[in-house]
J.: 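The following block contains the structure, expressed as C-alpha cells.
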Number of protein chains: 4
Amino acid sequence: MMNRVILVGRLTKDPDLRYTPNGVAVASFTLAVNRPFTNQQGEREADFINCVVWRRPAENVANFLKKGNLAGVDGRVQTRSYEGQDGKRVYVTEVLAESVQFLEPKGQGQGTDRGSQQQPSRQGGQDFPFGNQNQRQNQNQNQNQGYTRVDEDPFAGGGQIDISDDDLPF
Amino acid sequence: MMNRVILVGRLTKDPDLRYTPNGVAVASFTLAVNRPFTNQQGEREADFINCVVWRRPAENVANFLKKGNLAGVDGRVQTRSYEGQDGKRVYVTEVLAESVQFLEPKGQGQGTDRGSQQQPSRQGGQDFPFGNQNQRQNQNQNQNQGYTRVDEDPFAGGGQIDISDDDLPF
Amino acid sequence: MMNRVILVGRLTKDPDLRYTPNGVAVASFTLAVNRPFTNQQGEREADFINCVVWRRPAENVANFLKKGNLAGVDGRVQTRSYEGQDGKRVYVTEVLAESVQFLEPKGQGQGTDRGSQQQPSRQGGQDFPFGNQNQRQNQNQNQNQGYTRVDEDPFAGGGQIDISDDDLPF
Amino acid sequence: MMNRVILVGRLTKDPDLRYTPNGVAVASFTLAVNRPFTNQQGEREADFINCVVWRRPAENVANFLKKGNLAGVDGRVQTRSYEGQDGKRVYVTEVLAESVQFLEPKGQGQGTDRGSQQQPSRQGGQDFPFGNQNQRQNQNQNQNQGYTRVDEDPFAGGGQIDISDDDLPF
DNA sequence: TTTT
DNA sequence: TTTT
C-alpha cells in the first residue's frame, strides 16, 4: 500500500486557516496546476486540487502563502465523506499535504524558500523560516480563544460538520 | 507546475470499461489504499481513490485486473466538473493513471507482473503481456459496435453526460 | 526543495543489516526495477537501485524481506561521499527509504502486506506486522552485543569507513 | 515495477549539452536539493543529484537553465555502468528526467514557467516556451555538424566511452 | 459504493 | 469557486 502525491502549482486564493475544537490548526487551499499539454481547442487547462495541511505547517501556510503564490506539496491522496446539506453523503477526494514548499522568490512578497515540514527533525531542527517558534505557538494558543471551529467542509463552503479531530491523520 | 501521484492498493470492484463515441477505451476503477497509521479508535482505515485510464492500458486493466487485485498506478491528479442530475455542477477529483502495474503474483488469477504503460517504447516495445496485440485491437474494434458510450460519471453511476472525447487527456 | 522517490521492485539479495557504534540499525538492499520499455536489442533491462533504511523499519526489512521478494520503497534520493581505498573520494547516490512496503503475498514466504513505516502513528499505531514489538526491541538490544559495525560501504563490500551515526538522516 | 522521482532544487552549474553520434541531444546537470532537516551540527545539508535529459527537453534545459536556477524534475532513477579509466567498472546512479520544470520567475533571467516535457501533446501541443520549434530543430541539425560526442561520463569529466545511443531510454 |  |  503506497500513496504519494507531489504537486507544484499556484494558490487560487489565500489559504483558509481554522482550528478544531481541540485547538488543532488546519489550513486548506487549492492549487491550480497547469496541465503539460493543451486540449483539443489548443488551450492550456489546469487542475484545481484541494489540499489540507494540519498543525504547525498549517499555520506557516496561512502566514506565508497568498493567492497566486507558487507552492509545492508532498503528501497523500485522502478520501472522506460527510453528510451533505440535503442529507446525502458527499464524497471528497483531496490531498493531505505532509510538507509544503514555498517556491515564491524571497524578495517578492513574504514568501520563503525553506518551506514547511510536518515533522521537524529529531535534533530539534528548525523549519519555521524566521522568528521564535515557541512564541508563535503561544500566540496561537491565545488565538484559539477565538478560533473558527472546523465544522463544515473547508472547500464546499456552506455546509455541515465535516473535518473534526477525528480526521486528524496522525 | 508538477503533478504526480503514485498509488499501490487493491481494486474495490472489477474495473469498468467503456468507449467514447469515437471508440476510445476508458477504464475506471477504485483503489483501496490502506493508511499507514491507525485512527483514534485504533482501526486501520483506507482511502478509496477513483482512477481513470485511457486507450490500450484501459483494455489491459479491464482484461487483467479483478476485484481485490493488488495494482500500482503512476499518474496525475485531475479535476473536472459536470452538470449534476439536479442541474448543479459536480466537482470531481480523480487520478488519471498514465501507467498501471499488475502486482498480483502470476499464478493466482490472470495477473501479470509486466504491467501496462500508456506510452509504448519507441522501438515498438511490447507491453501487452501476451498474445497478439493487433489481433486484440481488431477485436476491440468489433466490440465497439456494442460499446458502452461514456456519457455519465463512471463512478457516480446514475448521471449525466460526463466523460466524452473532450476529456481525453492527450 | 522537494525530493521524493517511489520504487517497486525485487530484492537482488537478502538485505544487509548492520548497527552503528551507537546501536542504531541500518539495512541496505538493492532493488531491481524492470524498465517499462525494451532496449534497442528488444531486451527488457532493469535498474539496480541501492536503498538504505534506518532504525526499526531496517529490522523489519531484515526480518521479512528476502532475495527475490517484491517490495515498494517511498523515500528520498540521497548523496554522500567517502574516502575510497585508493584515497580518492567516492560519490554515492542511493535511496533513503522512509517506508518500505512488503508486496509479497502472505502465504508465500514470510512476507507481509502491512509494510513498515519509519514513523509510527501518533496514537502508538502498530506497524510491526505481528508479535510483540517491545520484546523484539529487547532482542535487538541483545543482538547489539554482537552487531556488525557500519564502517564500510554497505554496497561496495570491501571498503572503508562509510556510514556512521553522522549519516543518520533524522 | 514502478520507478518515479520528483525533485525540486537548484542547478549547481550551467547544464552540459552534448549530442550522440546520431545527433541526439543529451543534457546533464546537477540539482542541489536542500534536506528538510539539519544534521547533528545543526547545519542544513543538501543532496547533489545528477540528472540527464534527452532530445528536445535537453535543448530547452540548455537554453533556459543556468547555474543557481530553481528547477523541478519528474523522472526515473536509472543505473548504468561503464569502464573506468583504470579499467574497472564504474557504477552510476542518476535521475533520468522525463520532464523539467523551470521554476525561476519570468522576469529574472530567461527562465520560463512553462517547463519542458519529454512527450509533447497528441495534438501537436507546444511545449517549447516561445518561437518556432521546427526552426529550432533545424538549427539543431546544423549544430550537429559540430556536436560534442557523448563518449565520456557527463558528470565525472575525464573518462571513457559512457553514454551512447544505446543509453537512449526510449 | 468499498479492498486484503 | 479558480492560479500565472
Side-chain angles (χ1 to χ4, degrees), chain A residues 1 3 7-16 28-35 44-51 65-73 79-81 88-91 93 103-105 108-109 153-159, chain B residues 1 3 7-16 28-35 44-51 65-73 79-81 88-91 93 103-105 108-109 153-159, chain C residues 101-107 111-115 129, chain D residues 101-107 111-115 129:
Chain A
M1 302 302 191
N3 183 337
L7 304 172
V8 173
R10 293 190 181 279
L11 289 243
T12 61
K13 296 187 187 162
D14 289 359
D16 177 36
S28 52
F29 57 93
T30 299
L31 234 42
V33 184
N34 296 325
R35 295 187 177 169
R44 188 169 291 269
E45 293 176 283
D47 295 291
F48 298 97
I49 303 167
N50 294 333
C51 300
L65 286 179
K66 299 279 160 287
K67 176 177 175 170
N69 283 182
L70 193 69
V73 159
T79 60
R80 59 194 172 82
S81 70
K88 54 189 212 316
R89 203 124 277 269
V90 179
Y91 293 91
T93 299
L103 299 172
E104 215 54 46
Q108 306 166 192
D153 187 331
F155 298 109
Chain B
M1 301 300 190
N3 184 339
L7 303 173
V8 173
R10 293 189 180 277
L11 290 244
T12 61
K13 295 187 188 161
D14 289 359
D16 177 36
S28 51
F29 57 92
T30 300
L31 235 42
V33 184
N34 296 325
R35 295 189 177 166
R44 189 169 290 267
E45 292 177 285
D47 294 291
F48 298 97
I49 303 166
N50 294 332
C51 299
L65 285 180
K66 301 276 159 286
K67 176 175 174 171
N69 284 182
L70 192 69
V73 159
T79 59
R80 57 193 174 83
S81 69
K88 54 190 213 309
R89 202 124 278 271
V90 179
Y91 293 92
T93 299
L103 299 173
E104 214 54 43
Q108 306 166 195
D153 187 331
F155 297 110
Chain C
Q101 238 21 56
F102 306 155
L103 298 172
E104 215 53 47
K106 283 300 249 287
T112 164
D113 216 354
R114 302 266 195 94
Chain D
Q101 240 17 61
F102 306 155
L103 299 172
E104 215 54 45
K106 284 299 249 284
T112 164
D113 216 354
R114 301 260 199 97

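All values below come from the heavy atoms of this structure, side chains included, with hydrogens, waters and symmetry mates left out. Proteins get letters first, then strands, A, B, ... in listed order; numbering begins at 1 in each.
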J.: Any idea which of F:dT3, E:dT3, E:dT2 is nearest the A:Ala32 side chain?
T.: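 For the A:Ala32 side chain, the nearest candidate turns out to be F:dT3.
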J.: For B:Leu70 and E:dT2, what is the distance between atoms CG and P respectively, to the nearest whole Å?
T.: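 Checked: the CG to P distance equals 20 Å.
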J.: How many whole angstroms separate atom CD of A:Glu45 from atom P of F:dT2?
T.: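 Rounded to the whole Å, the gap is 13 Å.
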J.: Tell me every residue that passes side chain to side chain contact (heavy atoms under 4.5 Å, CB included) with A:Thr12, counting only those two or more places apart in sequence or in another chain.
T.: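 Listed in chain order: A:Thr30, A:Ala32, A:Phe48.
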J.: Taking all atoms of both residues into account, what is the closest heavy-atom pair of B:Leu11 and B:Ala71, and its distance?
T.: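 Heavy atoms of B:Leu11 and B:Ala71 come nearest at CD2-CB, 4.1 Å.
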J.: Considering only side-chain heavy atoms of B:Lys67, which listed nucleotide, E:dT3, F:dT2, E:dT2, is closest?
T.: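 Nearest nucleotide to the side chain: E:dT3.
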J.: Between P on E:dT4 and CG on B:Leu65, what's the gap in Å once rounded to a whole number?
T.: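 The answer, rounded to whole Å, is 14 Å.
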J.: For a quick check of understanding: with a heavy-atom distance under 4.0 Å over all strands, which category does A:Gly68 fall into, base, sugar-phosphate or nothing?
T.: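 Sugar-phosphate contact only.
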J.: Looking at F:dT3, F:dT2, E:dT3, which one has an atom nearest to any side-chain atom of A:Asn50?
T.: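 Output: F:dT2.
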J.: Take the protein atom CG of A:Leu11 and the nucleotide atom P of F:dT1, then report the distance between them rounded to whole Å.
T.: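 That distance rounds to 19 Å.
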J.: Nearest to the side chain of A:Thr30, which nucleotide is it out of E:dT4, F:dT3, F:dT2?
T.: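 Closest of the options to the side chain of A:Thr30: F:dT2.
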J.: Please report the shortest heavy-atom distance between A:Gly72 and A:Leu103, naming the atom on each side.
T.: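 In terms of heavy atoms, the two residues are closest at N-CD1, 3.8 Å.
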J.: Starting at atom CD of B:Glu104, determine the distance to atom P of E:dT3, rounded to an integer number of angstrom.
T.: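 It works out to 15 Å between those atoms.
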J.: So for B:Asn34 and E:dT3, does any side-chain atom that can act as donor or acceptor lie under 3.5 Å from a complementary atom in the base?
T.: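 Yes.
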J.: For B:Asp47, which residues count as a side chain to side chain donor-acceptor pair (under 3.5 Å) partner, sequence neighbours excluded?
T.: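 Side chain to side chain donor-acceptor pair (under 3.5 Å) list for B:Asp47, sorted by chain: A:Arg76, B:Arg35.
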J.: When the distance from NZ of A:Lys13 to C1' of F:dT3 is rounded to whole Å, what number comes out?
T.: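 Going from A:Lys13 (NZ) to F:dT3 (C1'), I get 12 Å.
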J.: Let me know the distance between CG of A:Asp16 and C1' of F:dT2, rounded to the nearest Å.
T.: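 After rounding, the gap between these two atoms is 15 Å.
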J.: For the atom pair CG (A:Leu70) and CG (A:Leu31), what is the distance rounded to the nearest 0.5 Å?
T.: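 That separation rounds to 8.0 Å.
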J.: Whole angstrom is fine here: how far is it from CZ in B:Arg10 over to P in E:dT2?
T.: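 It works out to 18 Å between those atoms.
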